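Small disclaimer: the values here were computed from a predicted structure and weren't measured.
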Amino acid sequence: MAKKPFFITTPIYSPSGNPHIGHCYTTVACDAIARYRRMQGYAVLFLTGTDEHGLKIEQKARSAGIEPQAYVDGMTERFRKLWDVLNVRYDRFVRTTDDYHVRTVQSVFQKLYDRGYIYKGQYVGKYCTPCESFWTPKQLVDGKCPDCGREVTDAREEAYFFKLSAFTDAIGKLLEGGTFLQPNSRAKELIGNFIKPGLEDFCVSRTGVTWGVPVPFDPKHTVYVWFDALLNYISALGYENGAFEDFQCFWSADVHFVAKDIMRFHAILWPAVLTALGLSLPKHLAVHGWITVGGEKMSKSRGNVIDPYVLTERYGTDAVRYFLLREMILENDSEFSEAVLLKRVNADLANGIGNLVARTVVMVEKYFGGTLSAEREAAPIDEPLIKSALALRNKTDTTMDNFRLNEALAAIFEVISLADKYVDETAPWVLAKDPIRRARLATVLYNLLETLRITSGLLVPFMPTMMPKIWEQIGATEEDVAYDKLNQWGILKPQVKVCKGEILFPKRELQEHV
RNA sequence: GCCGGGGUAGCUCAGCGGCAGAGCAGAGGACUCAUAAGCCUUUGGUCGGUGGUUCAAAUCCACUCCCCGGCACCA
């Protein structure tokens, strides 16, 4: 039977600045989900990329004294490099400056124009001449340009509009359905703020911006960056461009994962555009909050941007991944501080799973010379541990289906904690003193190794770098930790051979801040 | 201003009609396999305030005070 397809996307990031820890969360979350699905046997297409058009990029490039294309070429590499450092395994990287993407954008624009969903109208607003920027009255600060604080003038220009107003009912139904948008509280926001008053048509072209995709039938206009950007999700599959053959197989997306600031475009504009194109809608839109520092959104002007390179270098890839995935919850913003990271990583990774691996492996070495004997003697006290370890995969399946990665991790670490308790209750060091209880001792240690096999197996999607090192130490093969073995007991061979190794997650002290 | 969500232990939060809970932090203890790790016990709360419904209210209702999120073209 052919593998079931699974298509997951990050937003395409703007290379107008360096990638920060917020980009990392979205991307690592998608990577964990993608890896989990691959483990489950899906044919996964995990898409990420960069959104390279628009005035801001053009200005950045000019002020750096280089051409926009050269600028974005350089910046895009920084994103790719960071994903490598974070061990993010994406399948495709789309850039809005790629030829095939431009072809899709132009084709879609033409198609929607031909179908009457895009029409020529007039954009009315305020204009700041030095900034070359249009603003809405609401955006103004004290009636002046929010960027430079100077006077603005009334402005109108001809522009193309997308008939978003025609989709108020359809989008309203989609949002009320309760399954499309996660978490549901976000859907309520959108319904109250946009659907209830009714959607307005959306301006999808600009004349003042030259760094963009020209409108095919009116090239003095360029396509508005958001309209351009959203189409990456289908251009990267080859829709209307001939570059890839994946559209039939992978559309529609199983989930778009985005931060709350760009939810509106994904929850309202995007489904409307797809409907106008006659395409099916993404199955889920998962919206997460921001990572805050000192209670505030990270931003360059506040000088509180966290550099992910420094963090990974200092604490390791998997520690950073674990922190992000364990601390971030879908509903709210989450506060970042190095102290919180340290606490989490020390408590769960160093004192938790790392220490459990160490104590278990050492006991097998000490009491059995590294190779467990095959004799067994079960006891009632083994049951709760075995039962919860065997029930774990179902739990993580469900939480992953709902994009609650933090809950999946919490469930896994509950079992780790149970295993620590089991060590105390069974007291292997007491059993070891009595030669008659050798079979019992072997059973206890085997149960601990099996618990580690299952938990580390379920943790690979989250910490793909370190988990294989656990397998080496506990004597597990790749097949032992295959998905279909993670709800079975007794997979490690009876005379399993362990191998003591390095400390996996050393305990860390707080250093100077990043 | 409008639309949502929330105020419960020092911190993060669960509970949403039936004896106030968990994790972390703090205190004490037993143990020794382990990364001074892990385990056990334990301190700690007028459940934002007022009034109501009820045999019974963190829980339902009304009012009130705070906090947070969102409010379209961030071009």
Asks: Can you confirm if the aromatic rings of A:Y117 and A:F167 lie within a centre distance of less than 6.0 Å?
Replies: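 A:F167 vs A:Y117: aromatic centres under 6.0 Å.
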Asks: Take atom CG of A:L190 and atom C1' of B:G69, then tell me their distance rounded to the nearest Å.
Replies: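 Atom CG in A:L190 sits about 12 Å away from atom C1' in B:G69.
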Asks: Answer with yes or no after comparing the ring centroid distance for A:F336 and A:F323 against a 6.0 Å cut-off, counting only values under it.
Replies: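 Yes.
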Asks: Once you apply a heavy-atom cut-off of 4.0 Å, does A:I191 come out as touching a base, just sugar-phosphate, or nothing?
Replies: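 The answer is nothing, as A:I191 stays clear of every strand by at least 4.0 Å.
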Asks: Does A:K60 make a cation-pi contact with A:Y71 (under 6.0 Å, within 45 degrees of the axis)?
Replies: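 Not satisfied by the 6.0 Å and 45° rule.
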Asks: Select one nucleotide: of B:C39, B:U35, B:C73, the one nearest the side-chain heavy atoms of A:L504.
Replies: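 In terms of side-chain proximity for A:L504, the closest of B:C39, B:U35, B:C73 is B:U35.
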Asks: Have a look at A:D201 and say if it touches a base, only the backbone sugar-phosphate, or nothing, with a 4.0 Å heavy-atom cut-off.
Replies: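 Base contact.
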Asks: Between B:G10 and B:C55, how far apart are the two C1' atoms, rounded to whole Å?
Replies: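 The answer is 37 Å between these two C1' atoms.
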Asks: Name the nucleic acid region contacted by A:F505, choosing base, sugar-phosphate or nothing; use a 4.0 angstrom heavy-atom cut-off, strictly under.
Replies: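 Base, at least one base heavy atom under 4.0 Å.
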Asks: Report which part of the nucleic acid A:G212 touches: base, sugar-phosphate, or nothing (heavy-atom distance under 4.0 Å, all strands).
Replies: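 A:G212: no heavy atom of the nucleic acid under 4.0 Å.
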Asks: Select base, sugar-phosphate, or nothing to describe what A:S417 touches, counting heavy atoms under 4.0 Å on all strands.
Replies: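 Counting heavy atoms under 4.0 Å across all strands, the contact made by A:S417 is with sugar-phosphate only.
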Asks: Per the atom types in the model, does the base of B:G38 pair as donor or acceptor with the side chain of A:N355 at under 3.5 Å?
Replies: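 Side chain to base: no pair below 3.5 Å.
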Asks: Side chain of A:N193: nearest nucleotide among B:G38, B:A72, B:C3?
Replies: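 For A:N193, the side-chain atoms sit closest to B:C3.
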Asks: Regarding A:Y224, tell me which of base, sugar-phosphate or nothing describes its non-hydrogen contacts under 4.0 Å with the strands shown.
Replies: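 Contact class for A:Y224: sugar-phosphate only.
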Asks: Less than 4.0 angstrom from a charged side-chain N to a carboxylate O is my criterion; do A:R438 and A:E377 meet it?
Replies: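 Salt bridge absent between A:R438 and A:E377.
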Asks: Please confirm whether the shortest side-chain N or O distance from A:K366 to OP1 or OP2 of B:A34 is below 4.0 Å.
Replies: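 Indeed, a polar side-chain atom of A:K366 lies that close.
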Asks: Looking only at atom C1', what distance separates B:C3 and B:U50, rounded to whole Å?
Replies: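 It works out to 26 Å between them.
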Asks: Looking at B:A72, B:C33, B:G69, which one has an atom nearest to any side-chain atom of A:K260?
Replies: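 Nearest nucleotide to the side chain: B:G69.
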Asks: How about A:Y113 and A:F217: are their ring centres within less than 6.0 Å of each other?
Replies: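 Centroid separation for A:Y113 and A:F217: below 6.0 Å.
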Asks: Is it true that, when you exclude A:K120 itself, more than 12 heavy atoms of the residues, nucleotides or ligands shown sit nearer than 6.0 Å to its NZ?
Replies: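 It does: A:K120 NZ has more than 12 such atoms within range.
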Asks: Which value, in whole Å, describes the distance between the C1' atoms of nucleotides B:C39 and B:U32?
Replies: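 Nearest-Å result for B:C39 against B:U32 at atom C1': 11 Å.
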Asks: Please give the distance between the P atoms of B:C19 and B:G38 as a whole number of Å.
Replies: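 Straight-line distance between the two P atoms is 33 Å.
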Asks: Can you identify which nucleotide, out of B:G69, B:A72, B:C33, has its nearest atom closest to the A:D424 side chain?
Replies: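 Per side-chain heavy atoms of A:D424, the pick is B:C33.
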Asks: Write down the distance separating the P atoms in B:G44 and B:A36, rounded off to the nearest Å.
Replies: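 Nearest-Å result for B:G44 against B:A36 at atom P: 32 Å.
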Asks: Expressed in angstrom and rounded to an integer, what is the separation of A:D51 atom CG from B:C74 atom C1'?
Replies: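 Atom-to-atom, A:D51 to B:C74, this comes out as 13 Å.
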Asks: For a quick test of reading the model: is some side-chain N or O of A:K188 closer than 4.0 Å to OP1 or OP2 of B:C3?
Replies: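 For B:C3, neither OP1 nor OP2 has a side-chain N or O of A:K188 closer than 4.0 Å.
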Asks: Would you mind reading off the distance between A:D333 atom CG and B:G5 atom P, rounded to a whole angstrom?
Replies: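 Answer to the nearest Å: 18 Å.
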Asks: Going by a 90° cut-off around 0, is B:A22 syn or anti?
Replies: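 Judged by the O4'-C1' to base torsion, B:A22 sits in anti, the angle falling more than 90° away from 0.
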Asks: Check the phosphate of B:C74 against A:S14, side-chain N and O only, distance under 4.0 Å to OP1 or OP2. Yes or no?
Replies: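 Checking B:C74 against A:S14, no side-chain N or O comes under 4.0 Å of OP1 or OP2.
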Asks: B:U42 and B:A22: how far apart are their C1' atoms, nearest whole angstrom?
Replies: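 Taking atom C1' in both B:U42 and B:A22, they lie 15 Å apart.
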Asks: For B:C40, take OP1 and OP2 only and decide whether either is under 4.0 Å from a side-chain N or O of A:K421.
Replies: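 It does, given that an N or O in the side chain of A:K421 lies less than 4.0 Å from OP1 or OP2 of B:C40.
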Asks: Given B:C73, B:A72, B:G70, which nucleotide is nearest the side-chain atoms of A:E189?
Replies: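 My answer, after comparing the listed nucleotides, is B:G70.
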Asks: The side chain of A:A358 lies closest to which of these nucleotides: B:A34, B:C33, B:C73?
Replies: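 Among B:A34, B:C33, B:C73, the one nearest the side chain of A:A358 is B:A34.
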Asks: Considering only B:C73, B:G69, B:A37, which nucleotide approaches the side chain of A:K507 most closely?
Replies: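 Closest of the options to the side chain of A:K507: B:A37.
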Asks: Quick one: A:D420 CG to B:U32 P, roughly how many Å, whole number?
Replies: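 Taking atom P of B:U32 as the reference, CG of A:D420 is at 17 Å.
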Asks: For A:Y322, run the ring pair (Phe, Tyr, Trp, His ring centres under 6.0 Å) check against A:F462, A:F413, A:F505 and tell me which one passes.
Replies: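 Looking at A:F462, A:F413, A:F505, the match for A:Y322 under the ring pair (Phe, Tyr, Trp, His ring centres under 6.0 Å) is A:F413.
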